[in-house]
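Data block below; observations after.
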There are 2 protein chains.
Amino acid sequence: MSSVLHHPPAGVARDLIAARGGRATRTRIAVIEALQACAHPMSHDELGAALDAAGVAHDRVTLYRALEWLVGQGIATRIAGGERAWRFELRGDDSHRHAHFHCERCGQIVCLEDVAVTSAPPLPAGFELDRSELVLHGACADCGRQREGRR
Amino acid sequence: MSSVLHHPPAGVARDLIAARGGRATRTRIAVIEALQACAHPMSHDELGAALDAAGVAHDRVTLYRALEWLVGQGIATRIAGGERAWRFELRGDDSHRHAHFHCERCGQIVCLEDVAVTSAPPLPAGFELDRSELVLHGACADCGRQREGRR
DNA sequence: CTGTTAATGCTACTATGTTGCATCAATCAA
DNA sequence: TTGATTGATGCAACATAGTAGCATTAACAG
Ligand SMILES: [Mn+2]
Ligand SMILES: [Mn+2]
Ligand SMILES: [Zn+2]
Ligand SMILES: [Zn+2]
């Protein structure tokens, strides 16, 4: 009767936060649960709407700061889409870093779990790699189909 | 007495523009020449400064529109760095698409000519790929060295 | 040279993100 | 349970990147 997606185990979010010595606040908990319940990386705006839906009061700035903290703690990661806004997703297994697809028509970012990101590229001497981001741009299936129909 | 980098062949910029049926204006020519003279992808701000240096009057918006046009025509390409601003470089051989390195300390974007970008990743059915972007984040040689010295 | 119209310059506006500071509330020790 | 501590919040103000409308200018075809 309850899916993992929409009803994550109680306390998991609180524990993730507490484990880093942070305070388990409404905002942080709601953000983590929203990210757990969503299949794609979410934008600040999407998360704001999710908090609304969950009945969690949210100040714009507080949400920015909550996300900043989650990323700083390694609980979430940021993905740069094609636009100026960041997308966020929970940080999974580091051995399973994947690429993302940005649909230039609907703006969605889709996780490409099957597309791995080069982890040890040949860098010039002295360069230190922190992380890699592979973003593919184009049209998603839905948007592509729409165009087909329109011909 | 003249390097290709700093003194590109006269008329090349004009020709690039004219070939697409566009008007060879001060701004467009100066932007192309600035990009030719620079080894790394340039930001809007950097380009503005370059136009200043070249004595070419430039309105903020005009520069945005010139870049938009160059990208639309396939003369230049945009690279999303780690921040919100775009970087621009002249579009070279399409068979030689390369990755970029974003130094999180100095903000520079470096071209990694040796790191190729996956051109045919396994996409879900119906997805259409337009272009791929591989951006590596970390510290460049200069910034890494600085940190070494500071220990 | 002249007329046509693409491109410019300027103003105003939007979206995204940041900073400072007073206030509030999550946590911990008593 | 209560109170003190201080991390997190809410709000106002600011910053930066980019966009839209429109009158004016200048590139260039003829
Ligand atoms: Mn993902
Ligand atoms: Mn490059
Ligand atoms: Zn789409
Ligand atoms: Zn650097």
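Keep in mind that this is a model prediction, so the values were computed, not measured. Protein chains get the first letters and strands the later ones, always in sequence-line order, with residue 1 at the start of each.
In terms of position along DNA chain D, the nucleotide closest to B/Trp86 lies nearer the 5' end than the nucleotide closest to the other residue of the pair B/Gly22 and B/Trp86.
In this structure, A/Ile29 atom CD1 and C/dA25 atom P are separated by 15 Å, rounded to whole Å. Summarising the geometry, the separation between CD on A/Glu46 and P on C/dT16 is reported as 12 Å, rounded to the nearest angstrom. Note: CG (A/Asp59) to P (C/dG17) measures 15 Å, nearest angstrom. At whole-Å resolution of the value, CD in A/Glu83 and P in C/dG17 are 10 Å apart. Note: CZ (B/Arg23) to P (C/dT8) measures 10 Å, nearest angstrom.
Each of C/dA7, C/dT16, C/dA26 was ranked by its minimum atom distance to the side chain of A/Tyr64; first place goes to C/dT16. Among the nucleotides C/dG20, C/dC10, C/dT8, the one closest to any side-chain atom of B/Val61 is C/dC10. Relative to the side chain of A/Arg84, the nucleotides C/dT19, C/dA25, C/dA15 differ in distance, and C/dA15 lies closest. Ranking C/dT27, C/dG20, C/dG17 by closeness to the A/His44 side chain, first place goes to C/dG17.
The aromatic rings of A/His137 and A/His102 stand perpendicular to each other, their planes meeting at an angle above 60°, with 30° marking the opposite boundary. The aromatic rings of B/Tyr64 and B/His44 lie parallel to each other, with less than 30° between the two planes, well short of the 60° mark.
Comparing the end axes of the helix from C/dC1-D/dG30 to C/dA30-D/dT1, each fitted to five base pairs by superposing C1' atoms of four pairs onto the next four, gives an inter-axis angle of 40° (nearest 10 degrees).
Nucleic acid contact for B/Ala24: sugar-phosphate only, since backbone atoms but no base atoms lie under 4.0 Å from a heavy atom of the residue.
In 5' to 3' order, the nucleotides of DNA chain D bounding all contacts with chain B (an atom under 4.0 Å from a heavy atom) are D/dT16 to D/dC28.
Around CZ of A/Arg20, the count of heavy atoms belonging to other residues, nucleotides or ligands within 6.0 Å exceeds 12.
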